[in-house]
Amino acid sequence: MTRAVVLFTSDLRLHDHPPLRAALAAADEVVPLFVSDPGVRRAGFDAPNRRAFLAGCLADLDASLRRRGGRLVVRDGPVAREVAAVAAECGASEVHMAAPVSGYAHRREERLREALGAGGVALHVHDGTVTAVAPGRVTPAGSDHFAVFTPYFRRWSAERLRDPLPPPRSVRVPGGVRGEPLPSRDAVPGVSPDLPEGGETAGRERFLRWARSGMPAYEERHDDLGGDATSRLSPYLHFGALSAAELVVLARERGGPGAEAFVRQLCWRDFHHQVLAARPEASVRDYRSRGDRWRGEEDAAEDIAAWREGRTGYPVVDAAMRQLRHEGWMHNRARLLVASFLTKTLYVDWRIGARHFLDLLVDGDIVNNQLNWQWVAGTGTDTRPHRVLNPVVQGKRFDPRGVYVRRWVPELRDVEDARVHEPWRLPADRRARLDYPEPLIALSDGLARFKHARGRD
């Protein structure tokens with residue numbers, strides 16, 4: 001009787017799961033294993049919203065395995081130690097897992113390979129499980145990664161993706177392998193009130209609904225703040241409850257401008273993965289230093305607090321920050337706006353904003369969060385590093401009737417469309433009745449400070 005272990009990490013699904021299918025093909029019995037890593041908790045990445053969503057993902061994965069005769073084994077402790085222990089308990093000769101991306105994940109894989117090797121257990125790492133195209137699969141001449149998105153997109157688009165793998169019909173799990181109780185979402189304190197349900201089942205249902213009703217118009221409507229027309233699939237992609245490769249294939253099968261625009265967004269995700277895989281230090285340091293003299297927590301404490309709490313006096317910025325706190329999620333256009341406001345108007349270190357996002361975002365991960373923040377801050381891969389997004393202009397363009405602003409900033413619900421993005425232009429007596437703050441800083445002052453600090457007067 002041959003046995004193998006499948007270590008689930010950021011791939012909490014049964015559909016299109018290369019490590020699981022490889023393990024099932026190689027062994028008579030397989031242990032589906034998830035290890036709760038204390039290193040993640042110590043690093044502060046075990047935020048309540050993600051912990052609650054993860055609990056839903058694990059419960060759904062366990063239920064799906066049980067319908068196929070299996071179960072999910074959950075352990076808590078150092079990953080290398082726990083995986084090696086499970087392999088020894090069941091007599092497994094090999095372990096299968098998805099290829100890592102971040103520096104921390106690579107170090108974890110090295111420790112795991114060493115621990116398994118000591119016991120004569122082989123470790124098989126599978127590319128293309130977390131991303132559609134594996135980092136490093138396409139590279140430009142003379143470099144280990146693409147630093148500009150457009151040429152990467154051309155090469156990425158020409159890659160032939162594997163056919164999505166169906167879920168297994170049955171999973172035989174050996175008896176006697178110790179597991180711990182599944183975590184409970186209800187036991188997690190501090191969760192955002194409107195956090196979505198986690199798990200592959202919920203993710204696939206959401207995709208199918210949106211593919212019918214939202215994807216056809218996605219190209220025209222994905223920046224519509226009030227229309228809320230995005231897929232909202234990012235949490236499911238972050239936890240691997242959905243396969244990026246399968247979504248690309250399904251979208252291409254549907255075709256049309258909306259599907260093409262959606263695939264382009266999935267490519268952005270892969271683009272950032274291949275950047276961080278090549279430059280893991282970019283999670284904490286500027287990818288391209290511009291010599292910025294950022295304001296920090298002490299210098300800008302009041303400004304940072306106002307930004308976090310959604311009381312900057314700029315309606316679209318405040319709406320977005322309040323949505324983040326309430327849902328654990330934020331519209332993509334809004335993410336760009338609030339990040340630009342913090343880094344380019346308030347001139348606050350991008351790492352402070354990125355940390356706040358990681359504290360609340362259910363889809364917050366090191367790859368996309370850090371590199372998107374760097375893109376906006378002008379220290380990343382953006383070919384226009386001095387780009388500044390004006391929150392008033394952007395609000396009028398992408399929320400012209402103030403639907404998004406009024407949804408999250410009820411203080412402005414009675415302000416007419418023409419002034420909802422500029423309430424400071426209302427007569428003084430009306431402003432006094434709004435109970436809404438005056439602008440934290442004049443945009444012109446922020447731009448002048450930004451230019452001066454970057455030596456561009």
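Thr379 has its side chain out of reach of Thr343: every pair of non-hydrogen atoms, C-beta onward, lies at least 4.5 Å apart. Counting heavy atoms from C-beta outward, His222 and Asn332 have side chains that stay 4.5 Å or more apart. Using a 4.5 Å heavy-atom threshold, the side chains of Leu361 and His238 count as separate. Two residues are said to be in side-chain contact when any heavy atoms from C-beta on lie closer than 4.5 Å; Arg13 and Thr129 meet this criterion. Side-chain contact between Val249 and Asp163 is absent, with no heavy-atom pair separated by less than 4.5 Å. In this structure, the side chains of Leu161 and Arg252 come closer than 4.5 Å at one or more pairs of heavy atoms. For the pair His15 and Pro167, the minimum side-chain heavy-atom distance is below 4.5 Å. At least one side-chain heavy atom of Phe149 sits under 4.5 Å from a side-chain heavy atom of Cys267.
The aromatic rings of Tyr152 and Phe146 stand perpendicular to each other, their planes meeting at an angle above 60°, with 30° marking the opposite boundary. Note: Phe153 and Trp156 have parallel aromatic rings, judged against thresholds of 30 and 60 degrees for the angle between ring planes. Below 30°, between 30° and 60°, or above 60°: for Tyr287 and His145 the angle between ring planes is above 60°, a perpendicular geometry.
Under a 4.0 Å N-O distance rule, the pair Arg290/Asp292 does not qualify as a salt bridge. A salt bridge does not link Glu260 with Arg264: every distance from a Lys NZ or Arg NE/NH1/NH2 to an Asp or Glu carboxylate oxygen is 4.0 Å or more. The pair Asp127-Arg137 fails the salt-bridge criterion, with no side-chain N (NZ, NE, NH1 or NH2) lying under 4.0 Å from an Asp/Glu carboxylate O. Salt-bridge check for Arg108 with Glu82: failed, with every basic side-chain N at 4.0 Å or more from each acidic carboxylate O. Between Asp16 and Arg162, at least one side-chain N (NZ, or NE/NH1/NH2) sits under 4.0 Å from a carboxylate O, which counts as a salt bridge. The existence of a salt bridge linking Arg75 and Glu89 is confirmed by a sub-4.0 Å separation between a basic side-chain nitrogen and an acidic carboxylate oxygen. With salt bridges taken as basic N to acidic carboxylate O contacts below 4.0 Å, none links Asp60 and Arg204.
In this structure, CG on Asp363 lies 10.5 Å from CG on Leu233, to the nearest 0.5 angstrom. A distance of 5.0 Å separates CG in Asp303 from CG in Leu346, rounded to the nearest 0.5 Å. Taking CG of Leu208 as the start and CG of Leu250 as the end, the distance is 8.0 Å to the nearest 0.5 Å. Annotation: the span from Thr2 atom OG1 to Glu29 atom CD amounts to 8.5 Å, rounded to 0.5 Å.
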Notebook entry, point to check: Passes side-chain hydrogen bond (donor to acceptor under 3.5 Å, both in side chains), Asn372 versus Trp268? Steps please.
Noted result: CA-CA 10 Å; Asn372 272 314; Trp268 267 108; over 6 Å; no
Next item on the list: Kindly determine whether Arg41 and Ser36 satisfy side-chain contact (heavy atoms from CB on, under 4.5 Å), including the steps that lead there.
Entry: CA-CA 9 Å; Arg41 293 195 293 272; Ser36 181; 2.9 Å; yes
Next item on the list: Evaluate the side-chain contact (heavy atoms from CB on, under 4.5 Å) criterion for residues Arg333 and Thr230: first the C-alpha distance (whole Å), next the side-chain angles of each, then the deciding distance (0.1 Å), finally the verdict.
Entry: CA-CA 10 Å; Arg333 171 57 55 174; Thr230 64; over 6 Å; no
Next item on the list: Step by step, work out the side-chain contact (heavy atoms from CB on, under 4.5 Å) result for Asp286 and Gln374.
Entry: CA-CA 7 Å; Asp286 291 346; Gln374 290 220 48; 4.0 Å; yes
Next item on the list: Could you walk me through whether Val405 and Leu225 pass side-chain contact (heavy atoms from CB on, under 4.5 Å), step by step?
Entry: CA-CA 9 Å; Val405 163; Leu225 289 167; over 6 Å; no
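The one candidate from Gln274, Arg269, His273 that meets the side-chain contact (heavy atoms from CB on, under 4.5 Å) condition with Phe271 is Gln274. Evaluated for a side chain to side chain donor-acceptor pair (under 3.5 Å) with His96, the options His124, Arg21, His126 yield exactly one hit, His126. The only member of Val74, Asp62, Leu14, Val171 that meets side-chain contact (heavy atoms from CB on, under 4.5 Å) when paired with Pro32 is Val171.
Across all their heavy atoms, Ser234 and Trp329 have their closest contact at OG-NE1, 3.3 Å. When all heavy atoms are compared, the tightest approach of His331 to Gln323 is N-OE1, 3.4 Å. Here the shortest heavy-atom pairing between Pro19 and Val6 reads O-CG2, 4.0 Å. Counting all heavy atoms, side chain and backbone alike, Val5 lies closest to Ala92 at CG2-CB, 3.8 Å.
Between the side chains of Glu327 and Ser192, not a single donor N or O lies within less than 3.5 Å of an accepting N or O. Side-chain atoms of Thr139 and Asp144 form no donor-acceptor pair, as typed in the model, at a separation below 3.5 Å. Remark: the Ser64 side chain and the Arg67 side chain contain an N/O donor-acceptor pair separated by less than 3.5 Å.
The distance between the ring centers of Tyr236 and Phe53 falls below 6.0 angstrom. Aromatic ring centres of Trp408 and His326 lie closer together than 6.0 Å. Ring centroid separation for the pair Trp210 and Phe262 comes in under the 6.0 Å cut-off.
For CD of Glu281, the number of neighbouring non-hydrogen atoms (other residues, nucleotides, ligands) closer than 6.0 Å is greater than 12.
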